[in-house]
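This one's a predicted model, so the numbers in the text were calculated from it and none came from an experiment.
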Amino acid sequence: MKTIKLALLTVALASSSMAAMAQDKATLIKQFIDIQRPGIESLARGLVEQSSAPIAQAGSQYLQTQVPEAKREAAAKAADAELKKYFDETYPIVRDKAVQLAPGALTPLMEQNFNEDELKQLLAWINSPLSKKYQELNPKMQTALTEKLVSETRATVEPKMQALDTAVAKALGAPTDGAAPAKAPAKAPAKK
């Protein structure tokens with residue numbers, strides 16, 4: 001009888017220990033995701049900005065080529081106001097959804113790829129002064145690399161972009177290289 005009680009006690013302790021370990025790991029993962037919130041929000045911001053970038057770019061090109069110079073400033077302000085309105089309405093939706101989805105999307109990956117000790121180390125590193133310094137410097141490093149990359153590849157890439165623009169315009173039947181856009185046929189005078 002003592003052996004059965006001892007075995008049950010051992011199983012109960014092992015179960016509670018495993019539950020505590022799982023709880024600790026879950027808590028560590030939650031802490032990690034909470035720390036990542038600014039990055040998650042930044043991801044959402046980037047997605048919203050990327051979604052409107054082609055429209056902004058096309059609008060800018062249209063503004064420079066199709067809008068009379070006297071009306072460009074007012075048209076640009078109106079277009080900028082619309083882009084800002086889109087961002088102001090869309091970003092909170094995408095941000096809140098990203099924050100909501102992050103635990104469900106990230107937790108399984110964290111559980112599968114990190115043990116409790118690794119999560120503790122990861123959190124210690126993320127909260128360290130060195131990590132904070134790196135995180136502050138990282139955008140500057142990306143900007144420096146981006147600027148250098150753009151300046152070094154501009155001469156090669158710009159002609160390719162111009163050729164692509166012309167090819168796409170031709171494929172769409174749109175005017176190319178300053179050609180006057182096709183005019184709509186004139187309406188026949190109304191009969192009286």
Indicate if Leu83 and Leu63 have the same hydrophobic cluster label, given that clusters are the connected sets of ILVMFWY residues with side-chain heavy-atom separations under 4.5 angstrom. no
May I ask whether Ile126 and Met110 are part of the same hydrophobic cluster, defined by side-chain heavy atoms of I, L, V, M, F, W, Y residues being less than 4.5 angstrom apart, directly or through others? yes
Applying ring pair (Phe, Tyr, Trp, His ring centres under 6.0 Å) as the test, list every pair that has at least one member in residues 140-170; sequence neighbours left out. none
Does any part of the side chain of [Y], heavy atoms only, come nearer than 4.5 Å to the side chain of [X], both counted from C-beta?
X	Y	value
Tyr134	Leu130	no
Asp117	Gln121	yes
Leu149	Thr146	no
Asp165	Met161	no
Thr156	Lys160	yes

Quick check for you: to the nearest 0.5 Å, what is the distance between [X] atom [atom1] and [Y] atom [atom2]?
X	Y	atom1	atom2	answer
Tyr86	Ile55	OH	CD1	7.0 Å
Glu116	Glu111	CD	CD	12.0 Å
Arg154	Glu152	CZ	CD	11.0 Å

Can you list the residues that meet the side chain to side chain donor-acceptor pair (under 3.5 Å) rule with Arg72, with sequence neighbours excluded? none
Check side chain to side chain donor-acceptor pair (under 3.5 Å) between Lys170 and all other residues, then give those that pass, not counting sequence neighbours. none
[X] side-chain N/O to [Y] backbone N/O, donor-acceptor pair under 3.5 Å:
X	Y	value
Glu118	Asn115	yes
Ser128	Trp125	yes
Thr143	Pro139	yes
Thr90	Phe87	no

Between side-chain atoms of residues 29-48 and protein atoms elsewhere (two or more places apart, or another chain), which donor-acceptor pairs fall under 3.5 Å?
residue : atom : partner : partner atom : Å
Lys30   : NZ   : Asp34   : OD2          : 2.9
Arg37   : NE   : Glu41   : OE2          : 2.7
Arg37   : NH2  : Glu41   : OE2          : 3.3

Test Gln135 against Ser131 for side chain to side chain donor-acceptor pair (under 3.5 Å), laying out the working first. CA-CA 6 Å; Gln135 289 172 11; Ser131 174; 3.1 Å; yes
Just to verify, what does Lys85 make a salt bridge (charged side-chain N to carboxylate O under 4.0 Å, His left out) with, not counting sequence neighbours? none
Under the rule for salt bridge (charged side-chain N to carboxylate O under 4.0 Å, His left out), what residues qualify as partners of Lys132, not counting sequence neighbours? none
Heavy-atom pair of closest approach, residues Ala105 and Leu109: O-CD1, 3.8 Å
Please give me the minimum heavy-atom distance between Leu119 and Lys25, naming the atom from each residue. CD1-CG, 3.6 Å
